[in-house]
Amino acid sequence: MQALMMTKYGDISTSLAFQSTATPKASASQVIIKVNASSINPFDYKVLKGEFKAFKKIHFPQGIGRDVSGVVVEVGNLVSHFKVGDAVLSRIDEDLVGTIAEYVASEAQHTALKPQEMTHEEAASMPLAGLTALQALVTTAQLKAGEKVLIHAGSGGVGTIAIQLAKSLGAFVVTTTSTANVDLVKNLGADQVIDYKKEDYLAQVSDCDVVFDTLGGAYTLDAFKAIKSGGRVVSVNGEVDDILARKLGLNFIIRKILSLKARKVTQAAAKKNATYRMILMNSDGVQLAELAELYVQKKIKAVIDCSYPFTESIEALKYLSKGRAKGKVVITH
Ligand SMILES: NC(=O)c1ccc[n+]([C@@H]2O[C@H](COP(=O)([O-])OP(=O)(O)OC[C@H]3O[C@@H](n4cnc5c(N)ncnc54)[C@H](OP(=O)(O)O)[C@@H]3O)[C@@H](O)[C@H]2O)c1
């Protein structure tokens, strides 16, 4: 089969190539999906650039892409809840990466049925960004009705789902975006929109119960200026906290270095009697099915910036890497 492969660490334009690779076979716990659509995430080009080398080395050539929607063409011996012909979506396991391919293997436990009313493009846009928003706001922050949440980068792949999810939970949503995307995030339900090109967001928002930090850097530390005492900050881009470091199985010395790096954040959290968590999303078929159900109930919709054909997926990655996508960038196969 044809697949887009990472050939070495480096730039999008020089480190990717379409190659012929073996079509995957299902192990006992897997399904094989014939890909109708995939989507890309910043993680894809960050891995390519070598930003996660310290955690996991790549053996090249390796596939790229983690989100997929398609049709099951083979099921493993132990898989009972999917059958050949089912339309499904998945955020595949890191060991099975890439979805910019004709076929992909997915663990059954990471796979969910695609609702009929959802197109393959919409379904492919949902897994990684949707699970990130769900795991940040629901699993980790335990956001509740009536609470105020600040969601940074409301117009991005994660932000567009996070706004809708927070609204479906009954929260008051404040979000940051630039002038061109103000209407987009308002239409998704944001109650207060701060145009970061025109305003200092910290002068416009305070007393949040939760800050969802998708930006990292100074935004992580400044989140503690925007929360009320006892609030919660969840980051997907900030300093690694000890819970995540242990989950990643990092040794004592690396954990010590990371805790030193995170000390300003830890101190800011302590001063506000607040909690700080940095999360890495997990593949999860049950949560993916919950997101699909929210879509059916019209509580969330897919926000797709643009679609590229499979043959132009390198262009798609170049576009996404500019950091200006409005929702998700999808690839059609
Ligand atoms: N830890 C995890 O498990 C995990 C999971 C998913 C994502 N992430 C990370 O989370 C980040 C966001 O992911 P994504 O998929 O949403 O990325 P994305 O779709 O590429 O984000 C693009 C959006 O970010 C907005 N943006 C950029 N700078 C901004 C700023 N200073 N203030 C407000 N908005 C800003 C842009 O809006 P404007 O054009 O209006 O500026 C654009 O709409 C990435 O760094 C990604 O790697 C981490």
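Counting starts at 1 for both ligands and their atoms, following the listed order.
- Distance check, rounded to the nearest 0.5 Å: CG of Leu317 to CD1 of Ile64 gives 5.0 Å.
- At the shortest separation from atom 27 (C) of ligand 1 among protein heavy atoms lies Arg324 NH2, 3.2 Å.
- Considering only non-hydrogen protein atoms, atom 12 (C) of ligand 1 sits nearest to Thr214 O, 3.9 Å.
- Nearest residue to atom 5 (C) of ligand 1 from Thr132, Ile161, Asn282 is Thr132 (criterion: closest heavy atom).
- The N/O atoms of Lys326, backbone and side chain alike, include none that comes under 3.5 Å of an N/O atom in ligand 1.
- Proximity of Tyr219 to ligand 1 is established by a heavy-atom distance of less than 4.0 Å.
- Using a 3.5 Å distance cut-off with no hydrogens or angles, the side chains of Ser155 and Thr177 do pair a donor with an acceptor.
- Thr332 and Ser307 form no side-chain donor-acceptor contact under 3.5 Å, judged by distance and modelled atom types alone.
- Ring orientation note: the planes of Phe18 and Phe310 are nearly perpendicular, at an angle over 60° on the 30°/60° scale.
- Using modelled atom types and a 3.5 Å distance limit, the side chains of Gln19 and Gln2 yield no donor-acceptor pair.
- Counting only heavy atoms of the protein, atom 40 (O) of ligand 1 lies nearest to Ser178 OG, 2.4 Å.
- Tyr295 and Glu122 form a side-chain donor-acceptor contact under 3.5 Å, judged by distance and modelled atom types alone.
- Within the 4.0 Å heavy-atom criterion, both parts of Thr176, backbone and side chain, lie near ligand 1.
- Of the protein's non-hydrogen atoms, the one nearest atom 17 (O) of ligand 1 is Pro42 CG, 3.4 Å.
- Under a 4.0 angstrom heavy-atom cut-off, Ala325 registers as being in contact with ligand 1.
- With hydrogens left out, the protein atom closest to atom 22 (C) of ligand 1 is Gly323 O, 3.4 Å, a heavy atom.
- Heavy-atom distances between His152 and ligand 1 stay at or above 4.0 Å for every pair.
- Ser313 contributes no side-chain N or O that, together with a main-chain N or O of Ala316, makes up a donor-acceptor pair within less than 3.5 Å.
- Taking distance alone, with nitrogen or oxygen atoms compared against 3.5 Å, Ser155 approaches ligand 1 more closely than that limit.
- If you run side-chain contact (heavy atoms from CB on, under 4.5 Å) between Val158 and each of Asn237, Ile151, Leu131, Thr214, only Thr214 comes through.
- In the hydrophobic cluster analysis, where Ile, Leu, Val, Met, Phe, Trp and Tyr join through side-chain heavy atoms closer than 4.5 angstrom, Leu215 is grouped together with Val233.
- The distance criterion of under 3.5 Å between nitrogen or oxygen atoms is not met by Leu280 with respect to ligand 1.
- Those atoms of ligand 1 that come under 4.0 Å of a heavy atom in Ile279, given as number and element, are 1 (N), 2 (C), 3 (O).
- Of all protein heavy atoms, the one closest to atom 48 (C) of ligand 1 is Val236 O, 3.2 Å.
- Considering both main-chain and side-chain atoms, Gly159 never comes within under 3.5 Å of ligand 1 through any nitrogen or oxygen pair.
- Note: His152 and Tyr219 have perpendicular aromatic rings, judged against thresholds of 30 and 60 degrees for the angle between ring planes.
- Within ligand 1, the atoms closer than 4.0 Å to a non-hydrogen atom of Ala153 are 24 (O), 25 (C), 26 (N), 33 (C), 34 (N), 35 (C), numbered from 1 in the order shown.
- Checked by atom type, the side-chain pair Lys328/Asn41 shows a donor-acceptor distance below 3.5 Å.
- Those atoms of ligand 1 that come under 4.0 Å of a heavy atom in Leu128, given as number and element, are 5 (C), 6 (C).
- Figure legend: Lys34 and Tyr103 shown as a cation-pi pair, the cationic atom lying under 6.0 angstrom from the six-membered ring centre and within 45 degrees of its axis.
- The shortest separation from a heavy atom of Thr160 to ligand 1 is not under 4.0 Å, leaving the residue out of contact.
- Contacts between Val158 and ligand 1, counted as non-hydrogen atom pairs separated by less than 4.0 Å, involve both the backbone and the side chain.
- At a heavy-atom cutoff of 4.0 Å, ligand 1 is contacted by no atom of Asn41, backbone or side chain.
- For the salt bridge (charged side-chain N to carboxylate O under 4.0 Å, His left out) with Asp209, the lone residue among Lys144, Lys148, Lys228 that qualifies is Lys228.
- The nearest heavy-atom contact from the protein to atom 21 (O) of ligand 1 is Gly156 CA, 3.7 Å.
- Short contacts between ligand 1 and Thr177, defined as distances under 4.0 Å to a heavy atom of the residue, involve ligand atoms 40 (O).
- Of the polar atoms of Leu215, none of the N or O atoms is found under 3.5 Å from an N or O of ligand 1, judged by distance alone.
- In this structure, Lys53 satisfies the cation-pi test against Tyr9, with its NZ or CZ atom closer than 6.0 Å to the six-membered ring centre and inside 45 degrees of the ring normal.
- Looking at Met281 next to ligand 1, an N or O pair under 3.5 Å apart turns up.
- Taking the side chain as every heavy atom from C-beta outward, Gln164 and Lys299 never approach each other to under 4.5 Å.
- Near Lys46, meaning under 4.0 Å from any of its heavy atoms, are these atoms of ligand 1: 44 (C), 45 (O), 46 (C), 47 (O).
- Residues Val205 and Tyr276 fall within the same hydrophobic cluster, defined by Ile, Leu, Val, Met, Phe, Trp and Tyr side chains chained together at heavy-atom separations under 4.5 Å.
- Protein heavy atom in closest approach to atom 41 (O) of ligand 1: Tyr196 OH, 2.3 Å.
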